[in-house]
Amino acid sequence: EKGGYDYFMLKEIAEQPKAVADTLLGRIDAAGSLTLDEVRIPDSVLREVDKVVIVACGTAYHAGLIAKYAIEHWTRIPCETELASEFRYRDPILDQRTLVVAISQSGETMDTLMALRHAREQGAKVLAICNTNGSTIPRESDAVLYTHAGPEVAVASTKAFLTQLVACYLVALYLGQVRGTKWGDEVRGVVRELSVIGAQVEEVLATMEPVRELARSLADKNTVLFLGRHVGYPVALEGALKLKELAYMHAEGFAAGELKHGPIALIEKDVPVVVVVPSPRGRSVLHDKIVSNIQEIRARGARTIVIAERGDEAVRPYADHLVEVPATPVLLQPLVATVPLQVFACELATARGNEVDQPRNLAKSVTVE
Ligand code: F6R
């Protein structure tokens, strides 16, 4: 049942190219427009939405953080992403024009369920992004976009995350399409580029041996730090979460711009620091800023592990280890940049003798608050 892999997690990592293709299946028509007919929230309601609130936990929350960048950029609708467990208890401001997006692989996470119940009580419309057909969260929502990743057995979420991201991009692009956006050409271009993402994830998977080797060489470290900017920041958070869960190591993700506000004090000789570098295309300011962050930490002796777009020569001199990923639009980069971090955490867990599919203390679906 593990299809020849030692662990479900390895199988599920390998299934990602197909999973993202399945999330897109039937949702883009021949003309390159999105057809989310299954989203039963009428376009007339979507046109009136004046705020989007995303609620989720753990890895799904990280997908939601990335979605915020995409939704605000493409649709110009203000968007907040919030931990489901915090949302309900702070008396959030919601009304009929708020679209709440609840992201959950299992569809059974109690905190996310309670958040969406609260949102509906306040009159908000709730759209679920979910991987499990007929589970509680989609049943209690106004509409659902299934991710179609297939069953995810390993406790650590991998293919569900990538497909949650794809679904979030679809929602963002669809909102842009329904409401019209000044980024019309960009949106059409991104829809086209989404269709090659599966092949790009496949490319990343084919080049992971050096990442596995690197992971094994770090098995006796105590801590790994992760830095990113823009959509690379939630990717850094996700890389750190995977490492905690699987390798039981101290790992922390930071926004690279926050370095000098505190975290730089943690940088000392030989600390491994993973840096997710945004695509140099389009947002060159961001790119240049992160390159100087890498210089700063390397000057303090950190061992830099840099994830960057293939051909990004500016980072090479400061990368002790360079992991290249295919070129994508800036906002889509998490789809390729997360994969090496999954492989890294899985290999480190194996090297440390941990149970990969069933990490200690964790459950696949958290049905208590
Ligand atoms: C991390 C992980 C958890 C889940 C979280 C939400 O690898 O699996 O952080 O992402 O418990 O679960 P769902 O998506 O089922 O609501």
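Quick caveat: nothing in here was measured; it's all calculated off a predicted structure. In listed order, ligands and their atoms are each counted from 1. No hydrogens, no waters, no symmetry mates; every other heavy atom, side chains included, goes into these values.
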Exercise. Hey, is I137 one of the residues with a heavy atom under 4.0 angstrom from ligand 1?
Worked result: no
Problem set entry | Subset of ligand 1 atoms that lie under 4.0 Å from at least one heavy atom of G58 | 9 (O)
Seminar exercise, completed: Applying ring pair (Phe, Tyr, Trp, His ring centres under 6.0 Å) to Y69 and not counting sequence neighbours gives H230
Exercise. Which residue, I66, L173, I103, forms the side-chain contact (heavy atoms from CB on, under 4.5 Å) with C168?
Worked result: I103
Problem set entry | Residue, atom name and distance, where the atom is the protein heavy atom closest to atom 11 (O) of ligand 1 | V366 CG2, 4.3 Å
For this session: Would you mind listing which atoms of ligand 1 come within a distance below 4.0 Å of any non-hydrogen atom of Q105?
Result: 13 (P), 14 (O), 15 (O), 16 (O)
Problem set entry | Enumerated ligand 1 atoms positioned under 4.0 Å from heavy atoms of A60 | 10 (O), 14 (O)
For this session: Using a strict 4.0 Å threshold on nitrogen-to-oxygen distance, state whether E80 and K68 make a salt bridge.
Result: no
Problem set entry | Contact partition for E108 relative to ligand 1, non-hydrogen atoms under 4.0 Å | neither
Problem set entry | 4.5 Å side-chain heavy-atom contact, I41 and L99 | yes
Seminar exercise, completed: For atom 6 (C) of ligand 1, the closest protein heavy atom turns out to be C57 O, 3.3 Å
Exercise. Which of the numbered atoms in ligand 1 are below 4.0 angstrom from a heavy atom of S104?
Worked result: 13 (P), 14 (O), 15 (O), 16 (O)
Seminar exercise, completed: protein heavy-atom neighbour closest to atom 1 (C) of ligand 1 works out as T59 OG1, 3.0 Å
Exercise. In this structure, are over 12 heavy atoms from other groups packed under 6.0 Å from K18 atom NZ?
Worked result: no
Problem set entry | K242, portion touching ligand 1 at heavy-atom distance under 4.0 Å | side chain
For this session: Have a look at ligand 1 and work out which part of T112, if any, has a heavy atom under 4.0 Å from it: side chain, backbone, both or neither.
Result: neither
Exercise. Would a 4.5 Å heavy-atom cut-off, applied to side chains only, mark Y169 and P334 as touching?
Worked result: yes
Exercise. Which ILVMFWY residues are connected to V196, directly or by a chain of links, through side-chain heavy atoms under 4.5 Å apart?
Worked result: none
Exercise. Can you tell if the side chain of V323 reaches within under 4.5 Å of the side chain of V306, non-hydrogen atoms only?
Worked result: no
For this session: Might you confirm whether atom CG of N133 has over 12 heavy atoms from other residues, nucleotides or ligands at distances under 6.0 Å?
Result: yes
Exercise. Is S157 in polar range of ligand 1, meaning some N or O pair under 3.5 Å apart?
Worked result: yes
Exercise. Near K289 NZ, under 6.0 Å, is it more than 12 heavy atoms from other residues, nucleotides or ligands?
Worked result: no
Problem set entry | R360 to Y248 six-membered ring, cation-pi geometry met (6.0 Å, 45°) | yes
Problem set entry | A156 neighbourhood, listing ligand 1 atoms whose heavy-atom distance to it stays under 4.0 Å | 7 (O)
Exercise. In the protein, which heavy atom is nearest to atom 8 (O) of ligand 1, and how far is it?
Worked result: V155 O, 3.2 Å
Exercise. Does even one non-hydrogen atom of S365 get within less than 4.0 Å of ligand 1?
Worked result: no
Exercise. Which of the numbered atoms in ligand 1 are below 4.0 angstrom from a heavy atom of E245?
Worked result: 1 (C), 2 (C), 7 (O)
Exercise. Can you tell me the protein heavy atom closest to atom 16 (O) of ligand 1 and the distance?
Worked result: T109 OG1, 2.5 Å
